[in-house]
Amino acid sequence: MASFIPPALPSDDKRWKIVHATMRKNGFARHALIETLHTVQSSFGYLDEDAIRFVARSLRVPLSQAYGVVTFYHYFNLKPPGRHTVTVCAGTTCFIKGADKLIATAQKRLGIETGHTTPDGEVSLMVARCVGACSRAPVTLMDGEVQGEMTSEQMLAQLERWTVE
Ligand code: FES
């Protein structure tokens, strides 16, 4: 049987690499469906039609099955998150290097828990597992752009820029 070639990533947004890594780790097996959808949700804050299609095609599951999972679990969000998204990597290396402090700082500044969006719809705060840039820990993704060696001060400065735009 010809070996399966997974579809290309939907865009060069770095967050797709995280999604891809989850599927690859599971050998693109169908049982990775929920875990992969979780990864999309935690990286992007929601799942749109393109994302669901991409995951379904990559894992060779019927689109209806992927939609079935997304609509069954309340955890999944089909609506776009805030205008900006800060995603803090909470993988082991980043955690050791202070990711928990970054998360606490962002929660305090934005007044929201992780997985949520500020009431004005400006900023969503997400948490990801290892984003594959451990040598630069602690890492955040600011609107999908990897930024390493992040400090609370730098992150707050970026949040400030977003909220005064
Ligand atoms: S643990 Fe954060 S990039 Fe690997």
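Just follow the structure's listing: the first ligand is 1, and inside any ligand the first atom is 1. Since the structure is predicted, the reported quantities are computational estimates derived from the model, not experimental observations.
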Pair Thr118, Asp120: side-chain N/O donor-acceptor within cut-off below 3.5 Å: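 Asp120 and Thr118 do have a side-chain donor-acceptor pair below 3.5 Å.
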For ligand 1, the portion of Cys94 having any non-hydrogen atom under 4.0 Å away: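 Both of them.
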Distance, nearest 0.5 Å, that separates CD of Glu145 from CZ of Arg15: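 That separation rounds to 11.0 Å.
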Separation between CG of Leu59 and CD of Glu35, rounded to the nearest 0.5 Å: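 Going from CG on Leu59 over to CD on Glu35, the span is 10.0 Å.
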I'd like to check which ligand 1 atoms, numbered from 1 as shown, lie under 4.0 Å from a non-hydrogen atom of [X].
X	answer
Gly91	1 (S)
Cys89	1 (S), 2 (Fe), 3 (S)
Thr93	1 (S)

Verdict with supporting geometry, Phe54 and Val40, side chain to side chain contact (heavy atoms under 4.5 Å, CB included): CA-CA 11 Å; Phe54 170 67; Val40 176; over 6 Å; no
Aromatic ring pairing Trp162/His84, orientation class (parallel under 30°, perpendicular over 60°, tilted between):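 Parallel: the ring planes of Trp162 and His84 meet at under 30°.
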Close approach, Ala137 and ligand 1, non-hydrogen under 4.0 angstrom: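 Contact absent.
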Taking atom 4 (Fe) of ligand 1 as the reference point, the nearest protein heavy atom with its distance: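 Result for atom 4 (Fe) of ligand 1: Cys134 SG, 2.3 Å.
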